[in-house]
Amino acid sequence: MALSNGVTMLLPEAHIESVQSVMPFKITDPRPARQVLAADPVGLGIFQQCLHILLYYTKAIQEDSGWLHAGWIKESLSRALLEQPLFAGRLRTSDGGELEIVANDSGIRLVETRTPMTMAEFLSYKDSTEDTEDKLVFWKTIDEQSPQYSPLFYVQVTYFQCGGRSVGISCSVLLADLLFKENFLKKWANIHHNLLSDKCLPATPFYNFPHVENSGKSCKNIFVSIPSKKCGKTMIFNVAAEKADSENDDALQLCVEEAESKFGFGKLFVKINISSCSAIKVENFQKEGLAKPKLSRIAEADWDDFGAKEVEFREGNKPATVSYWFGFISGGLVMAVPSSADQEGASVIVTVPN
């Protein structure tokens with residue numbers, strides 16, 4: 001934080017209190033799979049690239065307990081994974097030699113951290129200093145040699161000194177569309193709220209361990225997050241159904257041109273094409289050589305259209321603010337996310353590197 005005399009204050013490190021695995025509440029059977037079509041997985045960056053969503057919450061009620069809140073989060077998250085078990089799956093090489101994500105119930109990672117700062121202090125620091133929020137999300141890149149051992153989804157819950165909390169989501173780009181199309185965060189929050197409202201449930205969740213004392217030793221040396229800084233600026237567009245053809249790059253080209261006119265030119269863009277829930281194609285997006293698109297101007301949208309600002313884990317406690325960014329984007333990213341079943345068209349997300 002820049003002080004009046006020009007001195008810069010270093011951001012205190014968040015203290016890792018626990019790292020847990022969260023599996024779906026029931027065994028997934030049958031196990032859905034998503035084929036990943038990529039000619040050069042390493043060169044395209046699919047083992048590193050991720051989407052972060054960071055939600056900040058003020059203290060909900062006076063008697064709210066951090067341990068209790070984390071326990072309910074784990075319990076509700078295990079139920080939410082029944083809705084989308086691919087988040088708890090792993091990337092592997094199929095018998096045919098192709099990459100695929102299989103919902104094998106290996107689990108996501110839930111990380112609890114604590115910071116000596118208040119939320120107001122942190123947000124003030126964030127507004128004056130770039131690359132601050134990567135402390136509130138946890139991400140480890142997928143192992144290129146043995147991807148079957150690497151989680152594809154992380155949740156970091158950070159407790160602020162004032163009683164506020166942040167919930168940081170880190171998701172592989174290979175599954176990021178499911179966060180939006182399936183509205184996973186809102187479904188999870190609804191499950192969480194319903195659990196807290198169920199008078200038949202015990203006062204404390206199954207995953208609550210208040211009797212365990214904090215030794216003061218951090219898990220940081222064992223569990224190391226790879227900083228995922230905000231390496232680009234993003235624009236979002238709404239594309240009509242008749243223009244959202246996965247085999248037609250005209251709409252994508254127009255969206256990229258709009259973003260580049262605002263943020264500057266990217267290098268080699270990576271295109272993520274989701275033709276269905278069972279297949280995703282990742283390839284280089286060749287802007288050069290494409291004919292000038294003859295489409296009318298595409299409507300600009302916003303991150304808020306995806307609904308994260310309405311996610312309430314406690315009734316009436318909406319996020320004070322929400323941040324989104326993609327990590328490990330080098331040349332640029334363009335992704336077409338199909339709309340939900342009750343809507344038409346698609347959302348096109350374009351990130352131009354800094």
Side-chain angles (χ1 to χ4, degrees), residues 34 49-57 73 76-77 80-81 83-84 86-87 108 133 136-137 139 152-156 166-193 228 230-241 243-244 246 251-252 255-256 258-259 262-263 270-277 280 298-314 317-327 329 332-352:
R34 165 173 278 196
Q49 294 167 356
C50 59
L51 169 69
H52 298 295
I53 305 177
L54 182 56
L55 306 96
Y56 295 86
Y57 292 92
I73 276 186
S76 62
L77 185 53
L81 288 172
E83 300 273 344
Q84 191 44 262
L86 280 175
F87 287 137
I108 70 171
E133 293 184 303
L136 302 184
V137 292
W139 176 251
L152 304 175
F153 198 104
Y154 292 83
V155 177
Q156 177 175 325
S166 66
V167 179
I169 310 297
S170 303
C171 177
S172 167
V173 291
L174 301 176
L175 294 173
D177 64 292
L178 298 179
L179 276 173
F180 302 129
K181 182 181 178 183
E182 304 295 334
N183 212 348
F184 178 78
L185 294 183
K186 192 168 185 180
K187 290 181 180 178
W188 171 24
N190 289 340
I191 292 171
H192 187 85
H193 171 67
S228 181
K230 297 180 181 180
C231 51
K233 296 181 175 62
T234 299
M235 288 187 73
I236 303 171
F237 305 88
N238 288 329
V239 180
K243 300 174 184 176
S246 63
L252 300 185
C255 293
V256 169
E258 288 282 334
K262 184 174 182 178
F263 299 135
V270 173
K271 181 178 75 170
I272 298 180
N273 214 340
I274 303 100
S275 55
S276 69
C277 287
I280 182 170
I298 293 176
E300 185 176 343
D302 189 83
W303 280 118
D304 291 344
D305 294 344
F306 292 120
K309 283 193 172 181
E310 304 300 318
V311 175
E312 300 179 15
F313 290 97
R314 297 276 190 178
N317 189 22
K318 294 182 179 180
T321 186
V322 181
S323 297
Y324 304 79
W325 73 96
F326 286 97
I329 304 299
L333 178 73
V334 54
M335 175 190 299
V337 180
S339 299
S340 56
D342 58 344
Q343 297 177 328
E344 294 183 346
S347 296
V348 177
I349 303 172
V350 181
T351 295
V352 179

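Quick note: residue numbers are just sequence positions, from 1.
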Derivation and outcome, side-chain contact (heavy atoms from CB on, under 4.5 Å), residues E133 and W325: CA-CA 10 Å; E133 293 184 303; W325 73 96; 3.7 Å; yes
Would you compute the distance between atom [atom1] of [X] and atom [atom2] of [Y] and round it to the nearest 0.5 angstrom?
{"X": "E300", "Y": "C255", "atom1": "CD", "atom2": "SG", "value": "10.0 Å"}
{"X": "L179", "Y": "K187", "atom1": "CG", "atom2": "NZ", "value": "11.5 Å"}
{"X": "I272", "Y": "L174", "atom1": "CD1", "atom2": "CG", "value": "6.5 Å"}
{"X": "I329", "Y": "L333", "atom1": "CD1", "atom2": "CG", "value": "4.5 Å"}

At their closest point, which heavy atom of [X] faces which heavy atom of [Y], and how far apart are they?
{"X": "C50", "Y": "V173", "result": "N-CG1, 3.7 Å"}
{"X": "I73", "Y": "S76", "result": "O-OG, 3.1 Å"}
{"X": "I191", "Y": "A80", "result": "CD1-CA, 3.6 Å"}
{"X": "W139", "Y": "C171", "result": "CZ3-C, 4.2 Å"}
{"X": "L55", "Y": "A308", "result": "CD2-O, 3.5 Å"}
{"X": "V137", "Y": "Q156", "result": "C-OE1, 3.1 Å"}

Those residues that, when tested against Q84, pass side-chain contact (heavy atoms from CB on, under 4.5 Å) (two or more places apart):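 Result, side-chain contact (heavy atoms from CB on, under 4.5 Å) vs Q84: L86, F87, L178, E182, F184.
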Partner set under side-chain contact (heavy atoms from CB on, under 4.5 Å) for N183, not counting sequence neighbours: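 Partners of N183 by the side-chain contact (heavy atoms from CB on, under 4.5 Å) criterion, ordered by chain and then number, come out as K186.
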For a 4.5 angstrom cut-off between non-hydrogen side-chain atoms, does [X] reach [Y]?
{"X": "F180", "Y": "L185", "answer": "no"}
{"X": "Y56", "Y": "L136", "answer": "yes"}
{"X": "F306", "Y": "S347", "answer": "yes"}
{"X": "I108", "Y": "L77", "answer": "yes"}

Aromatic plane relationship, F313 with Y57 - under 30° parallel, 30 to 60° tilted, over 60° perpendicular: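 Taking F313 first and then Y57, their aromatic rings stand perpendicular (interplane angle over 60°).
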Contacts of type side-chain hydrogen bond (donor to acceptor under 3.5 Å, both in side chains), residue S170, not counting sequence neighbours: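 Counting only residues at least two positions away or on another chain, S170 forms a side-chain hydrogen bond (donor to acceptor under 3.5 Å, both in side chains) with H52.
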Residues which pass salt bridge (charged side-chain N to carboxylate O under 4.0 Å, His left out) with E83, listed by chain and number, not counting sequence neighbours: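 For E83, no residue satisfies salt bridge (charged side-chain N to carboxylate O under 4.0 Å, His left out) once neighbours in sequence are set aside.
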Listed partners of D305 passing salt bridge (charged side-chain N to carboxylate O under 4.0 Å, His left out), at least two apart: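 Testing D305 for salt bridge (charged side-chain N to carboxylate O under 4.0 Å, His left out), a comparison that skips the adjacent residues, returns none.
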E310 and K318: CA distance, side-chain angles, deciding distance, side-chain contact (heavy atoms from CB on, under 4.5 Å) verdict: CA-CA 6 Å; E310 304 300 318; K318 294 182 179 180; 2.8 Å; yes
CA sep, side-chain torsions, deciding dist, call: L54, Y324, side-chain contact (heavy atoms from CB on, under 4.5 Å): CA-CA 6 Å; L54 182 56; Y324 304 79; over 6 Å; no
NZ/NE/NH1/NH2 to OD/OE distance under 4.0 Å, D177 and R34: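 Salt bridge flag = yes for R34 with D177.
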side-chain contact (heavy atoms from CB on, under 4.5 Å) between W188 and L81, worked out: CA-CA 8 Å; W188 171 24; L81 288 172; over 6 Å; no
What donor-acceptor contacts under 3.5 angstrom involve side-chain atoms of residues 232-239, with partners at least two apart or in another chain?
unit_1: K233; atom_1: NZ; unit_2: N354; atom_2: OD1; d: 3.4
unit_1: T234; atom_1: OG1; unit_2: T351; atom_2: OG1; d: 2.7

